[in-house]
Number of protein chains: 2
Amino acid sequence: MEEREALLAISPASRKWDAKRDLVRPRQRISHATLVAEGILGRFALFADGRRQITALHFPGDMADLHSVPVTISGWGLTALTPAIVYEVPHSDLRMISERYDAIAMAFWRDTVVDSSILAKWVSVMAAMKASERLAHLLCEIGIRRQMAGLGSGTSFVLPFPQVQLADILGLTPIHLNRMIGELRALGLVESLDRGLKVLDHRGLCCLADFEDSYLLLPPR
Amino acid sequence: MEEREALLAISPASRKWDAKRDLVRPRQRISHATLVAEGILGRFALFADGRRQITALHFPGDMADLHSVPVTISGWGLTALTPAIVYEVPHSDLRMISERYDAIAMAFWRDTVVDSSILAKWVSVMAAMKASERLAHLLCEIGIRRQMAGLGSGTSFVLPFPQVQLADILGLTPIHLNRMIGELRALGLVESLDRGLKVLDHRGLCCLADFEDSYLLLPPR
DNA sequence: CGGTGATTTGATTACCTTCAAGATCAGTGG
DNA sequence: CCACTGATCTTGAAGGTAATCAAATCACCG
């Protein structure tokens, strides 16, 4: 395929980041999109009081910043939840390719739609579910997305970052999150590790969170 | 401009809806996008228990369903918060135009990015702010968006639908929302009407909600 | 072994939901 | 004209969820 070759021809620069580093700060102007190669990134917003709320996660294979192609000033930041390796793909290349190949333009647009669909789901999860269910829902989603990205089975996996980060994702205090993790642990659904969380029973979590994966817009199999 | 003419040439069918009607039900397959001409639409998700959470609002001039062009099965529903008139624009036309004119394809993509940015904001608002601030934040956003759409000054306006709907947007019980409206009323920021809410002091609401409009990605003036 | 960051526990308080009931208003039919 | 209905708005009280304040324990690292 011609399109595939054009994409591969970009051969962007790669870059390594330590955990807890910010790759992009809010309000920064950027000239490249970020393709995740290894690790987990979080998109975040900052509040006036300094609290940070993570609004989206990006796993290997995800384009974290495709938004920035049509809108070059990013309103959010990008942080490394784990040590990460990313490719920095220049906007100029992406714009050129998307103008040349309609199918790629549509694919990029589609990617933004998936992102938007996940955000819409999270608005409803945040608005309507209680802490333990939110946590379970997040773990379900991560399991499926890891599986789709070819990162293991998804039904049992380790989330290798501390509870404080999880709390920033779920909009909870670390203290309360800790208690909720305790509840799930008591049910045998998860296991806590030193600086991480291990999912033991994906099925059980899905049941608890009333999880339903259609919003991820997975390709039909 | 050639692009403008091509867009106008579509001349889609218009349709009227009563308040509280659902234009699109979740999981329905659709073949047209929805351009709002009059009224206010809400995008919503349904929960297993029947509760409905509104995740986005659409005002006159907005394309409510542009997502459905690259992804034809909609995971959400679309409801009329007020009586509304919409144009139904066939996907086929939109796809054709976006393939023919790169600038339009980019504009559509950009529109999806704006939508996504607003959703990301709402994730953080739902996660981190308390009820009265959420309400104030919503009113601030609506004010600015109305103004941008040329629907009056935005600093003082009427939201013409009952509190139950507002509660569905904010993820609150109508009872609690009512009390929060009472608080804002006591501060002289809003005034309640029969089946509506009147914003009196946009500035004051912005201050209360710590509102900052950059996430709306407004065109620079 | 002390220091630092992470996890866990306890007690108190603020926020929001739930359940219950009363008040107001528009429209309908007798 | 008036009683009736249904939707909306409002108020009260009780209970659950999560935040806050405070402190103890644990794991790793230099």
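Hydrogens, waters and symmetry mates are skipped; everything else that's a heavy atom, side chains included, is used. The sequence lines fix the lettering, A, B, ..., with proteins before strands; numbering per chain opens at 1.
- We find that CG of B:Leu177 is positioned 10 Å from P of C:dT17, with the value rounded to whole Å.
- Taking 4.0 angstrom as the limit, A:Ser192 places none of its side-chain polar atoms (N or O) nearer than this to OP1 or OP2 of C:dA6.
- Atom pair A:Leu135:CG and D:dA18:C1' shows a separation of 14 Å (rounding to whole Å applied).
- A:Leu193 places its CG atom 11 Å from the P atom of D:dC28, with the value rounded to the nearest Å.
- Each of A:Arg195 and A:Thr173 was matched to the nucleotide of DNA chain D holding its nearest heavy atom; the match closer to the 5' end belongs to A:Thr173.
- With the nearest nucleotide of DNA chain C identified for both A:Phe161 and A:Arg179, A:Phe161 has the one nearer the 5' end.
- Distance B:His176 NE2 to C:dT18 C1': 13 Å, rounded to the nearest Å.
- Nearer the 5' end of DNA chain C, as judged by each residue's closest nucleotide, is the contact made by A:Gln165, out of A:Gln165 and A:Ala127.
- Among the nucleotides D:dC21, C:dT18, D:dA18, the one closest to the side chain of B:Ile175 is C:dT18.
- Closest approach of A:Gly39 and A:Thr82 over heavy atoms only: CA-OG1, 3.2 Å.
- A:Arg134 comes within 4.0 angstrom of no nucleic acid atom, judged by non-hydrogen atoms across all strands.
- For the pair B:Arg52 and B:Phe44, the cation-pi test (distance below 6.0 Å, angle within 45°) is passed.
- A close approach under 4.0 Å does occur between a side-chain nitrogen or oxygen of B:Gln163 and OP1 or OP2 of D:dT10.
- At least one side-chain nitrogen or oxygen of B:Lys20 sits closer than 4.0 Å to the OP1 or OP2 atom of D:dT8.
- Across all their heavy atoms, B:Cys140 and B:His202 have their closest contact at O-NE2, 3.3 Å.
- There is a side-chain donor-acceptor pair under 3.5 Å between B:Ser214 and A:Arg27.
- D:dA27 atom C1' lies 15 Å from atom CG of A:Asn178, rounded to whole Å.
- To the nearest angstrom, P of C:dC15 lies 18 Å from CE of B:Met126.
- For the residue pair A:Asp210/A:His137, the side-chain donor-acceptor check at 3.5 Å is not satisfied.
- Between A:Leu172 and A:Asp194, the residue anchored nearer the 5' end of DNA chain D, judged by the nucleotide with its closest heavy atom, is A:Leu172.
- A:Arg185 has its CZ atom 12 Å from the C1' atom of C:dT9, to the nearest Å.
- Atom P of nucleotide C:dT7 and atom CD1 of A:Ile181 are separated by 8 Å, given to the nearest angstrom.
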